[in-house]
There are 2 protein chains.
Amino acid sequence: MSTPSTDAPLSGRRAQAARNDAVILDAAREVFMAAPDAPVSAVAHAAGVGISALYRRYASKEELLATLCLDGLRRFVEIARAARDTADPWGAFEALLRGVVDADVHSLTVHLAGRFAPTPEHGALAEEAGRLAGEILRRAQDARAVRSDVVDTDLPMVYEQLAAIRLGGPARDAALRRRYLELHLASLRADAEAHGALPGHGPSQAELGARWQREAGTGAAR
Amino acid sequence: MSTPSTDAPLSGRRAQAARNDAVILDAAREVFMAAPDAPVSAVAHAAGVGISALYRRYASKEELLATLCLDGLRRFVEIARAARDTADPWGAFEALLRGVVDADVHSLTVHLAGRFAPTPEHGALAEEAGRLAGEILRRAQDARAVRSDVVDTDLPMVYEQLAAIRLGGPARDAALRRRYLELHLASLRADAEAHGALPGHGPSQAELGARWQREAGTGAAR
DNA sequence: ACATGTGCGGAACGGAACGTTCCGCTACTG
DNA sequence: CAGTAGCGGAACGTTCCGTTCCGCACATGT
């Protein structure tokens, strides 16, 4: 909340506003990652600004969430691209999962889905993300590094499970997720297949896509 | 909503009321398992009764949740006892996890915790449940069936992760959970330890116990 | 047959939470 | 020095939900 005007060409009020842009988005990310249905006032409080500063930038809560989700999708694609460029097939697969879990990117995407009307850009990025992850998985399976009976739609389910780990602060949760990611990785290795094939089949694209539809509250009948 | 008076000594109005006891509790279980913060009216609707029928039996929503949770803890203990009586150490371990996940008992216990003031009976049952699970785990580890670097507090985290799988109806979710439970089981086997030890340490009892404390809403600051 | 009270449906009530708007102030800008 | 961009936070209107309450229907006991 200081460093008056050394890092930007703008000064005074204008600079403060520019800085607030980032502060607010960071606060929103932190707050909504911890609680997707947190009130807008919580974001303002976390950012150390008033509510007006928020509504000056985003027309509605929905727009803020859509922006945040877009940001998350871009992070996912970035992580996936970096992972894909890893030479070793298992290394690439491992990098993908570790990257996604470490950045907690799942909380920024799927957990926000259904709370705003998705734009075409959301769709395009989600598709690209799926394509990259699928490529990494296929390569790892072709190299007999990852068991052959997992499918690409199983991966979001792994993220989903790890994102459900919420016990302490963000730091403690990150440590716990690393611990349990290690277990997931062990179960996905090719040699784990020796103990038996996976029953049933992974989610369909339709089942995964259904989350992006706007739906009311908690899902219980009125 | 029929069979007038053939299965109970009571008849007419009295029998209907007795039957409603079960209908309401079943409806409450179904509704709150799907959405822990569902409104009371949703339970009444699912049970096909009015709200009065509900409040005649439970003084408050909190009391209903406490009853439901007690019910869940008893189920857990029952499942754990049956598993413990399995001769094969790995079989017992497997039976425990399969039983807990199949009955979706986690949604009935921990997901309800924090929404009501726990009674001493909740504490006693939770302790008994922990004792049984710990015994089963230790036996499986002593037999070198389960990897040595998992601890008893890791098990609730496995349930937690599997309970987070919510895509379609209850039936589809159960099938998906069975699929991913298979992965978890593979990762917990002793031979999975060859690929490396688990980083960090499992949750402490204090971390797990903190969920039973009453806390406001979603966790975001006001 | 009739008075009685139990059990219940669902409207009504009171309060809490939240998204959004609006007023007024501050301090840069030109 | 007038004008205004940016903002803090109170206020507003709405939605949601737990709980209460009123009146009805029917089984029960005489």
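In what follows, chains are A, B, ... by sequence order, proteins preceding strands, each numbered from 1.
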If I take atom NE2 in residue B:H45 and atom P in nucleotide C:dG9, what distance separates them, rounded to the nearest angstrom? 13 Å
Expressed in angstrom and rounded to an integer, what is the separation of A:D37 atom CG from D:dT15 atom P? 19 Å
Donor-acceptor pair, B:D173 side chain versus B:L167 backbone, under 3.5 Å? yes
Value in whole Å for how far the P atom of C:dC18 lies from CG of A:L65: 14 Å
Could you state the CZ-P distance from B:R19 to C:dC8, rounded to the nearest angstrom? 11 Å
Presence of B:N20 side-chain N/O under 4.0 Å of C:dG7 phosphate oxygens OP1/OP2: no
Is the B:H122 to B:F116 ring centre distance short of 6.0 Å? yes
If you measure from CG on B:L64 to CG on B:L112, what distance do you get to the nearest 0.5 Å? 8.5 Å
Check for a donor-acceptor pair, side chain of B:E62 on one end and backbone N or O of B:A117 on the other, with a separation under 3.5 Å. yes
Closest heavy-atom contact between A:L54 and A:A44? CD1-N, 3.8 Å
Taking only heavy atoms on the protein side, list every residue of residues 51-59 of chain B lying under 4.0 Å from any atom of DNA chain C, sorted numerically. B:I51, B:S52, B:A53, B:R56, B:R57
Give the rounded distance in Å between these two atoms: CZ of B:F116 and P of D:dG18. 16 Å
With a 3.5 Å distance limit and no angle check, can you tell me whether A:R177 reaches the backbone of A:I165 through a side-chain donor-acceptor pair? yes
Whether A:E135 side chain and A:L132 backbone form a donor-acceptor pair below 3.5 Å: no
Note down the inter-axis angle between the two ends of the helix from C:dT4-D:dA27 to C:dG30-D:dC1, five pairs each, to the nearest 10°. 20°
Could you work out, with side chain to side chain donor-acceptor pair (under 3.5 Å) as the rule, every residue matching B:D154, not counting sequence neighbours? A:R179, A:Y180
